Amino acid sequence: MGVNAVSLLNRLLQNSTTTQRPKPLPANAKSITNTIFRYLKSHRLKEAVSVLFSSPTPVPPFIYARLFQICSSKLAIVEARKVESHLVTFYSTPPIFLLNRAIETYGKCGCLEDARELFEEMPRRDGGSWNAMITAYSQGGYAEKALSLFKCMNKSGVLANEITFASVLGSCAAVLALFLTRQVHGLVIKYGLCSNVILASSIVDVYGKCQVISEARKMFDEIPNPNSVSWNVIVRRYLEMGDGKEAVVMFFKMIGSNVMHLNFTFSNALIACSSISALKEGHQIHGVAVKIGFEADEVVTNSLIDMYVKCGVLEDAQRHFDQPESKNIISWTSLVSGYAMDGRTGQARALFNEMPERTVVSWNAMLAGYVRHLLWEEALDFVLWMRRMTKDIDHVTLSLILNICAGLSDVELGKQVHGFVYRHGFFSNLLVGNALLDMYGKCKHLDSSRIWFSEMCHLRDRVSWNALLTSYVQHELSEEAMRMFWDMQWETTPNKFTFGTLLAACANIFALDQGKQIHGYMIRKGCEIDIVVRGALVDMYSKCRCHEYAVKVFKEEAPRDLILWNSMILGCAHNGRGGEALDLFHSMEEGVRADHVTFQGILLACIGEGYVDLGKQYFNSMSNKYCIIPRLEHYECMIELFGRYGYIDDLENFVQSMPFEPTEQMLIKVFDACREHKHLRLGEWAEKHLNELNPITPYRFEVLSRPSLVTL
DNA sequence: ATAGGGTTAG
């Protein structure tokens with residue numbers, strides 16, 4: 001606004017002593033008023049303002065008020081300044097409420113400086129002026145300024161009212177000012193404003209956003225008649241706290257009350273169902289939606305389809321999607337994502353190809369499916385096609401592309417993506433930053449990981465630390481990883497992923513004491529010990545030769561998956577408890593299907609126990625019964641098993657019928673076994689093959705004299 | 001005259 005307008009205002013005020021009201025309008029002024037009013041009625045703001053300026057006298061206050069209102073709705077800052085200028089020029093003492101309107105208008109237009117200047121220059125203010133200014137800051141995204149102005153307001157003795165508190169609570173929510181919120185809550189009680197449903201809902205909102213959900217709930221329970229917004233807030237906050245169950249419970253309580261329901265509340269409740277896989281409740285919500293006529297609501301329909309997708313009933317989602325009115329870009333994307341993430345990438349792709357239009361989210365959904373299922377080539381082709389078809393690309397796309405680079409161990413491609421990230425300003429995006437860290441780590445470029453990690457020091461989070469820790473541990477820098485954990489704690493708090501990684505580090509370096517400390521720390525802090533962490537614990541205790549503890553963790557009452565079973569079976573096998581490993585295998589078979597790792601454990605167990613025939617049976621059952629193609633390590637186990645126990649005929653049959661050439665390691669094993677058990681024919685066979693691989697330092701097979709090449 | 005929540009798909 002005009003600085004000149006303000007100084008003019010001051011000058012006029014200094015000169016004026018008596019005049020408070022505008023003089024009665026002369027006849028032509030009256031017609032000016034009428035003309036302005038006509039223009040305003042047809043929302044022709046510009047014309048109205050230029051007519052205003054043809055009047056050298058003030059027009060009636062309601063005209064200014066109406067003008068400001070229209071300026072607000074059209075965000076017409078130039079017109080707003082003109083109107084204010086006219087107001088302060090031709091009124092000796094403009095009515096305060098009109099100046100408040102001006103402040104509000106400037107606020108709406110995002111011109112906080114104009115607003116503040118007017119506020120500062122006002123010779124007299126009322127509570128409305130403070131409210132207007134605080135609201136302007138609050139809604140303009142300047143929460144701190146709003147809150148500090150609120151403190152000034154209190155200091156200068158102006159009493160806050162409902163309007164003030166509403167804006168202040170909004171700002172408290174924006175900056176999570178919990179301490180101030182508690183004080184405001186106290187004032188609200190003191191002023192007897194608790195029954196104001198808007199204030200009460202706002203307080204629920206802030207407590208929820210500040211993660212003190214119990215206080216939020218307490219406040220909510222005190223609202224005598226919660227309205228639809230109150231319900232929406234409490235459902236949403238439970239959802240955001242990760243308490244999907246309570247969110248759903250509150251939703252059904254709302255249904256039992258008499259308030260009108262908002263479509264967004266349905267949406268939130270359905271997301272809550274997805275988060276806890278509560279298909280039954282989701283179905284019930286579907287029923288309620290049909291009953292109250294929300295079925296045609298686009299938000300509700302989309303949320304329903306997504307709920308079915310996320311609860312894993314793709315057929316139901318598809319059936320719902322097939323209803324003619326259900327197809328839109330969002331539900332379409334949901335379903336593509338559902339098939340893609342379920343591993344039915346062909347089906348997902350067919351659906352994707354049919355899409356009449358796509359957003360970057362749709363592209364990402366399809367791409368994420370390829371990435372999730374490690375289909376790197378398909379993923380890369382898809383990216384190339386995507387780049388040809390659309391200019392759209394965002395941080396999620398880039399993170400997925402970096403995942404592909406990591407999966408292919410293609411650091412050159414990764415560096416190109418890094419360059420793109422840099423040029424297009426994505427380097428300040430945390431998701432992308434962490435994907436870069438992960439990529440460099442998986443491509444074994446630990447130095448680049450480290451450099452990038454320090455470059456992102458102002459934005460990195462727990463995930464970044466975990467990514468770097470993981471790379472360290474995978475590169476057998478376990479001691480460094482343990483040291484880094486202490487640095488990490490200056491900056492962020494560890495979580496289950498951190499501990500999982502650290503436990504792996506402990507396992508690598510046989511650090512039983514530190515492993516136990518971590519285990520104890522997790523229990524004391526109530527840190528979630530999920531199936532992955534339990535696997536890491538079993539693994540750590542096994543590798544540190546603390547079999548008893550490994551078993552203890554394994555036996556805890558909690559779900560077990562294949563990986564956990566495998567950890568325990570391998571742990572037993574490595575700790576000389578082959579019998580136990582085989583027993584475990586038989587209990588495992590009751591619910592979980594064995595894989596190649598399981599069989600490695602079993603064969604190791606057979607080696608330990610000397611069960612040669614049993615080992616042979618298990619090996620044969622892999623292809624015959626379990627449809628698992630034996631890998632190199634299984635062949636190695638069999639060679640060890642036959643060799644160690646002197647089953648040389650079996651050994652000879654076995655190595656000569658392998659579907660590939662024996663490796664050097666295998667040949668050495670055969671070679672040693674034959675010397676040990678004095679088997680000339682096979683020994684010489686091994687010698688011949690070894691020397692083909694190794695002509696410079698030839699092996700000599702002599703049955704009697706030489707010591708073993710492999711000392712155990 | 002001025003006030004609160006929610007924006008569904010990766």
Side-chain angles (χ1 to χ4, degrees), chain A residues 61-62 64-66 68-69 72 95-105 107-108 126-136 138-139 160-170 172-173 193 196-206 208-209 223 226-237 239-240 261-271 274 297-307 309-310 317 321 328-338 340-341 348 355 358-369 371-372 392 394-397 399-400 431:
Chain A
F62 82 93
Y64 290 104
R66 186 82 187 107
F68 280 129
Q69 196 182 17
S72 286
I96 294 180
F97 89 90
L98 282 181
L99 294 175
N100 295 350
R101 288 300 75 74
I103 294 177
E104 282 155 22
T105 307
K108 279 261 163 46
D126 61 8
S129 321
W130 289 92
N131 287 348
M133 196 61 227
I134 290 174
T135 305
S138 171
Q139 296 188 338
N161 65 6
E162 285 132 299
I163 312 295
T164 329
F165 287 133
S167 286
V168 166
L169 286 167
C172 286
L193 299 175
N196 181 325
V197 67
I198 291 180
L199 291 184
S201 306
S202 293
I203 293 172
V204 174
D205 184 43
V206 198
K209 281 184 178 149
I223 305 178
N227 64 15
S228 51
V229 174
S230 327
W231 284 105
N232 195 40
V233 168
I234 194 73
V235 170
R236 178 78 196 179
R237 294 293 157 257
L239 172 63
E240 283 173 356
H261 315 308
L262 298 172
N263 58 354
F264 291 121
T265 315
F266 272 73
S267 179
N268 288 325
L270 288 165
I271 299 169
S274 308
D297 184 285
E298 200 178 61
V299 172
V300 174
T301 303
N302 291 340
S303 302
L304 271 169
I305 291 175
D306 197 55
M307 182 275 295
V309 165
K310 298 262 165 66
F321 175 80
N328 60 53
I329 197 160
I330 289 175
S331 58
W332 212 301
T333 306
S334 269
L335 204 56
V336 167
S337 164
M341 292 313 244
M355 288 181 79
R358 306 172 182 119
T359 67
V360 67
V361 181
S362 328
W363 287 94
N364 291 343
M366 188 61 233
L367 182 56
V371 169
R372 161 71 69 89
D392 280 349
D394 71 358
H395 61 285
V396 179
T397 323
S399 304
L400 289 167
L431 193 72

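A note on names: the letters A, B, ... follow the listed sequences, proteins ahead of strands, and every chain is numbered from 1. The basis for the numbers below is simple: all heavy atoms, side chains too, and nothing from hydrogens, waters or symmetry mates. It should be emphasised that the depicted structure is a prediction, and the values quoted were computed from it without experimental measurement.
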| Is A:Thr135 touching bases, backbone alone, or none of the nucleic acid, heavy atoms closer than 4.0 Å? | sugar-phosphate
| request: For the residue pair A:Thr135 and A:Ser138, confirm or rule out a side-chain donor-acceptor distance under 3.5 Å. | output: no
| query | Who pairs with A:Arg236 by salt bridge (Lys or Arg N to Asp or Glu O under 4.0 Å), at least two apart in sequence or on another chain? | reply | A:Glu240
| task | Mark yes or no for whether A:Asp205, through its side chain, and A:Ser201, through its backbone, hold a donor-acceptor pair below 3.5 Å. | result | no
| Nucleotide of B:dA9, B:dT8, B:dG4 approaching A:Ser267 most closely (side-chain heavy atoms) | B:dT8
| Looking at the side chain of A:Ala166, which of B:dA9, B:dT7, B:dA3 is the nearest nucleotide? | B:dA3
| query | Atom CZ of A:Phe321 to atom C1' of B:dT8: distance rounded to whole Å? | reply | 15 Å
| request: Could you check whether A:Asn227 gets within reach of a base, just the sugar-phosphate, or nothing at all, counting any heavy atom under 4.0 Å? | output: base
| query | By ring-ring contact (aromatic ring centres under 6.0 Å, His included), which residues pair with A:Phe321, not counting sequence neighbours? | reply | A:Trp332
| message | Any base atoms under 4.0 Å from A:Asp394, or only sugar-phosphate, or nothing? Heavy atoms, all strands. | response | base
| Among B:dT2, B:dA9, B:dG6, the nucleotide that comes nearest once only the side chain of A:Ile329 is considered | B:dA9
| task | Could you tell me whether the side chain of A:Asn131 has a donor or acceptor atom within less than 3.5 Å of a complementary atom in the base of B:dA3? | result | no
| query | Nearest to the side chain of A:Asn263 - B:dA3, B:dT2, B:dG6? | reply | B:dG6
| query | Atom CG in A:Asn268, atom OG in A:Ser303: separation rounded to 0.5 Å? | reply | 8.0 Å
| field | side-chain N/O A:Arg66 vs B:dA1 OP1/OP2, d < 4.0 Å | value | no
| Donor + acceptor pair across side chains of A:Asp126, A:Ser129 (<3.5 Å) | yes
| query | Can you find a side chain N or O atom of A:Gln139 that sits less than 4.0 Å from OP1 or OP2 on B:dG4? | reply | yes
| request: With heavy atoms under 4.0 Å as the rule, sort A:Val233 into base, sugar-phosphate or nothing. | output: sugar-phosphate
| Among B:dA3, B:dA9, B:dG6, which is the nearest nucleotide to the side chain of A:Asn196? | B:dA3
| query | How would you label the contact of A:Arg358 with the nucleic acid (heavy atoms, under 4.0 Å): base, sugar-phosphate, or nothing? | reply | nothing
| From the list B:dA3, B:dG6, B:dA9, which nucleotide is the closest neighbour of the side chain of A:Ile198? | B:dA3
| query | Of the nucleotides B:dA9, B:dA3, B:dG6, which has the atom closest to the A:Glu162 side chain? | reply | B:dA3
| query | How would you label the contact of A:Arg236 with the nucleic acid (heavy atoms, under 4.0 Å): base, sugar-phosphate, or nothing? | reply | sugar-phosphate
| task | Mind checking A:Ala132 for me? I need base, sugar-phosphate or nothing, with any heavy atom below 4.0 Å counting as a touch. | result | nothing
| request: Using a 4.0 Å heavy-atom cut-off across all strands, classify A:Asp205 as base, sugar-phosphate, or nothing. | output: sugar-phosphate
| request: Whole angstrom is fine here: how far is it from CG in A:Asn232 over to P in B:dT8? | output: 13 Å
| task | Using a 4.0 Å heavy-atom cut-off across all strands, classify A:Ser331 as base, sugar-phosphate, or nothing. | result | nothing
| Checking all strands, does A:Lys108 fall into the base, sugar-phosphate, or nothing category for heavy-atom contacts under 4.0 angstrom? | nothing
